[in-house]
Amino acid sequence: MRMSRYFLPTLKENPAEAQIASHRLMLRAGMVRQGAAGIYSWLPLGLRVLKKIEQIVREEQDRAGALEVLMPTIQSADLWSESGRYDDYGKEMLRITDRHGREMLYGPTNEELITDIFRREVKSYRDLPKNLYHIQWKFRDEIRPRFGVMRGREFLMKDAYSFDLTAEDGVKSYNAMFVAYLRTFARMGLTAIPMRADTGPIGGDLSHEFLIIAETGESEVFFHNKFNDMSDNFKVSGDHATIVAEWTEPYAATEEMHDEDSCSVAEGELVRGRGIEVGHIFFFGDKYSKPLNAVVQGPEGPPSAVQMGSYGIGVSRLVGGIIEASHDDNGIIWPEAVAPFKVGLMNLGPKKEDCVEFCDKLYADLEAAGVEVLYDDRKDGAGAKFANMDLIGLPWQVAVGPRGLKNGVVEVKNRATGEKRELTPEAFLAEMAA
RNA sequence: CGGGGAGUAGCGCAGCCUGGUAGCGCACUACACUGGGGGUGUAGGGGCCGCAGGUUCGAAUCCUGUCUCUCCGACCA
């Protein structure tokens, strides 16, 4: 993509309303713009990141055997009355009345709707297990939205729902999702630690939150330093139960769940940090299937309510979360897997014909090799280009100027490490295409 | 929802107390110079001073109401 044709409204100064790094950087890097409190428009650069994260989530859900569906954002209040949550959910739920006076709502979650879909169609244990998910916008009318997309009112969430005949099978489905989550966050270059969690309003008795570690995290967390190692050398093998056991064995707790007295981790091994919740999984048995009468015929005859779990990932929150975990004073540092572009190509001699030609060719070659590249072909000064490129945080920067051109080399910088090397364009191309 | 702060150009802000031609920096446009870390100069464009009402000869400024944004707390993917 040529920057001269792109829509990338970057800001030199910090917008007054943005307090934390990710919010500030997302506004400055031209990723999002606020519409109303906690509601954002996604501009091209931000949308690319959102889509990448969404796709990783999708691939890992598919790999785990979940099936993608798409449920609407607007739901009828009837179902929620049936489950009893229409009154319980309170003011967080955005309620809407249609022209006929029917009560509707903008879905904050989808347990009721998915259970309804399931119960209409599935009557036999032979059709189990099933796990259905979708990636859809949700709305929760937070009392106080803040931190940009990290706690917006409208947010993109992946939510999956598992259906099993027995609690034992239900736990298997839970474990499969647990492992899928580990893989998902690892692919995004995050250290995500599963922590035993309170089940809150969703209910149930088995639940884990996944938190990514970042200095600016919202809640204080305590965990065994083994996790750093497990995350750095991420590998999962064996059956799901074994993996889950492995990842739940070391101590890890959020502020609310942490108890100094019962915490047996040695002082030197306990890490005290801050975390951002990016995923939450629950196994809640028949909490919704019973009131909503989602039953299947069992092998022995009598029908029984299905055993369910639900599994959320905050997709839009992850965009902010990743930035919180990965940035410096100059801007964002994207992990390659979610970077909007892999390479940022800068023409430092935009008025020199040979330099333009050289850059145009390198750009075309990169594109032809399937490398995602953002090409700064504008007539700005070099300083502005460097600063802008650091701000938007593409993993690889390649500067082409008259200086290097004389020797037939380009200067390549790794955004994360700051390491700079001079390479021939051929060598650079080969490295990027690999 | 309780307690603070703020709405003036795309962004960051001054002006308000003490009413009288709406300003500054960045960004934007044109031209020239510059050209490896947000460069320099000259000349420009851009405002229902959040909205409504009131006081006044006259309101960005004073008064009343209202909407919005934001920070701290309780709640949440």
Side-chain angles (χ1 to χ4, degrees), chain A residues 9-20 23-24 27-28 30 33-39 53 57 89-93 107-110 135-160 181 192 197-198 200-202 207-212 218-219 254 256 275-282 310-321 329-331 346-352 355 376 378-391 397-406 410-411 413 418 420 422:
Chain A
T10 56
L11 305 172
K12 207 156 151 182
E13 288 170 287
N14 285 322
E17 78 264 21
Q19 297 298 311
I20 62 162
H23 191 192
R24 220 161 42 221
L27 290 168
R28 286 194 50 203
R33 287 294 182 262
Q34 178 164 304
I39 301 175
I53 292 171
V57 169
Y89 224 93
K91 288 190 163 177
E92 263 201 7
M93 182 183 276
T109 178
N110 286 63
I135 300 171
Q136 176 65 290
W137 291 92
K138 307 288 191 295
F139 194 95
R140 292 183 193 170
D141 199 359
E142 297 282 341
I143 295 166
R144 193 186 152 214
R146 59 186 131 171
F147 303 150
V149 300
M150 295 238 289
R151 194 182 309 173
R153 290 192 290 176
E154 190 180 46
F155 56 97
L156 186 61
M157 176 171 151
K158 184 282 301 181
D159 41 326
Y181 276 38
D198 218 359
I202 310 260
S207 176
H208 286 90
E209 302 182 319
F210 289 75
L211 288 102
I212 59 179
E218 295 185 63
S219 46
T254 57
E256 302 80 44
I276 300 165
E277 186 184 351
V278 290
H280 202 158
I281 60 178
F282 304 86
S310 76
Y311 315 91
I313 290 181
V315 176
S316 50
R317 171 179 278 193
L318 271 166
V319 180
D329 289 345
N330 295 325
M346 288 174 276
N347 181 359
L348 303 185
K351 291 204 175 151
K352 301 218 163 36
C355 202
D376 194 342
R378 298 172 304 176
K379 304 227 179 325
D380 288 11
K385 291 188 177 179
F386 281 118
N388 208 252
M389 216 39 105
D390 281 346
L391 173 63
Q397 296 176 7
V398 54
V400 178
R403 200 153 88 190
L405 222 53
K406 267 189 296 199
V410 298
E411 188 176 287
K413 182 175 117 175
K420 291 179 185 171
E422 293 199 332

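Quick note on labels: first sequence line is chain A, next is B, and so on, each numbered from 1. These numbers were taken from a predicted model, which means no experiment stands behind them.
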Please report the interatomic distance OH(A/Tyr181) to NE2(A/His280), rounded to the nearest 0.5 Å.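 A/Tyr181 atom OH to A/His280 atom NE2 measures 10.0 Å (nearest 0.5 Å).
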
Sequence-distant partners of A/Arg153, salt bridge (Lys or Arg N to Asp or Glu O under 4.0 Å), two or more places apart: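 Partners of A/Arg153 under the salt bridge (Lys or Arg N to Asp or Glu O under 4.0 Å) test: A/Asp141.
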
Please name the nucleotide paired to [N] by Watson-Crick or G-U wobble geometry with both distances under 3.5 Å, or report none.
N     : answer
B/G35 : none
B/A30 : B/U42
B/C1  : B/G73
B/A52 : B/U64
B/C11 : B/G25

Considering every strand and a 4.0 Å limit on heavy-atom distances, what is the contact class for [X]: base, sugar-phosphate, or nothing?
X        : result
A/Gly152 : base
A/Val315 : nothing
A/Gly312 : nothing
A/Gly349 : nothing
A/Glu277 : sugar-phosphate
A/Asn14  : sugar-phosphate

Report the distance from atom [atom1] of [X] to atom [atom2] of [N], rounded to the nearest whole Å.
X        : N     : atom1 : atom2 : answer
A/Tyr181 : B/A77 : OH    : P     : 12 Å
A/Arg24  : B/G12 : CZ    : C1'   : 14 Å
A/Phe386 : B/G36 : CZ    : C1'   : 5 Å
A/Lys406 : B/G36 : NZ    : C1'   : 12 Å
A/Asp380 : B/G36 : CG    : C1'   : 14 Å

N/O-N/O pairs, protein side and nucleotides 29-32 of chain B side, under 3.5 Å:
none

Gap in Å between the two [atom1] atoms, one belonging to [N] and one to [M], rounded:
N     : M     : atom1 : answer
B/U8  : B/G23 : C1'   : 10 Å
B/U56 : B/G12 : C1'   : 34 Å
B/A60 : B/C17 : P     : 12 Å
B/U29 : B/G73 : P     : 42 Å
B/A6  : B/C11 : C1'   : 16 Å
B/G7  : B/C63 : P     : 15 Å
B/U61 : B/G50 : C1'   : 16 Å

Heavy atoms from C-beta onward define the side chain here; which of [options] lies closest to that of [X]?
X        : options             : value
A/Arg403 : B/U34, B/G36, B/G38 : B/G36
A/Arg140 : B/C1, B/A77, B/A27  : B/A77
A/Lys351 : B/U34, B/G38, B/C26 : B/U34
A/Ala382 : B/G36, B/A77, B/G38 : B/G36
A/Leu11  : B/U34, B/C11, B/G39 : B/C11
A/Pro350 : B/C75, B/G37, B/G35 : B/G35
A/Glu411 : B/G36, B/C75, B/C26 : B/G36

Judged by atom type as modelled, is there a donor-acceptor pair below 3.5 Å linking the side chain of [X] to the main-chain atoms of [Y]?
X        : Y        : answer
A/Lys158 : A/Tyr311 : yes
A/Arg140 : A/Glu154 : no
A/Thr10  : A/Arg28  : no

Evaluate the criterion side-chain contact (heavy atoms from CB on, under 4.5 Å) for residue pair A/Phe386 and A/Asn330; output intermediate values, then yes/no. CA-CA 10 Å; A/Phe386 281 118; A/Asn330 295 325; over 6 Å; no

Between B/G37 and A/Asp390, counting only base atoms on the nucleotide and side-chain atoms on the residue, is there a donor-acceptor pair under 3.5 Å?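 Counting by modelled atom types and ignoring angles, a donor-acceptor contact under 3.5 Å is found here.
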
What is the per-nucleotide protein-contact pattern of nucleotides 67-74 of chain B, from the 5' end, where B denotes a base atom under 4.0 Å from a protein heavy atom, S denotes such proximity for sugar-phosphate atoms only, and - denotes neither? --SSBBBB

Taking side chain to side chain donor-acceptor pair (under 3.5 Å) as the test, write out the residues that go with A/Gln136, two or more places apart.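 With sequence neighbours excluded, A/Gln136 shows a side chain to side chain donor-acceptor pair (under 3.5 Å) to no residue whatsoever.
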
Go through the structure and list residues passing side chain to side chain donor-acceptor pair (under 3.5 Å) with A/Arg378, not counting sequence neighbours.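 Partners of A/Arg378 by the side chain to side chain donor-acceptor pair (under 3.5 Å) criterion, ordered by chain and then number, come out as A/Asp376.
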
Given A/Arg146, which partner from the list A/Glu218, A/Arg151, A/Glu17 fulfils the side-chain contact (heavy atoms from CB on, under 4.5 Å) test?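 Exactly one pass, corresponding to A/Arg151.
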
Please name all residues satisfying side chain to side chain contact (heavy atoms under 4.5 Å, CB included) with A/Ile143, sequence neighbours left out, ordered by chain then number.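 A/Ile143 satisfies side chain to side chain contact (heavy atoms under 4.5 Å, CB included) with no residue once adjacent residues are dropped.
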
Run A/Arg317 and A/Phe147 through side-chain contact (heavy atoms from CB on, under 4.5 Å) and show every step you take. CA-CA 10 Å; A/Arg317 171 179 278 193; A/Phe147 303 150; over 6 Å; no

Could you pick out which residue, A/Val278 or A/Thr10, lies toward the 5' side of RNA chain B when each is mapped onto its nearest nucleotide?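 Taking each residue's closest nucleotide, the earlier one in sequence belongs to A/Thr10.
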
Are any of A/Lys12's side-chain N or O atoms less than 4.0 Å away from OP1 or OP2 of B/A27?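 So the side chain of A/Lys12 is within the cut-off, an N or O lying under 4.0 Å from OP1 or OP2 of B/A27.
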
Close side-chain approach of A/Leu211 and A/Ser219, heavy atoms under 4.5 Å: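 A side-chain contact exists here, since the closest heavy-atom pair is under 4.5 Å.
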
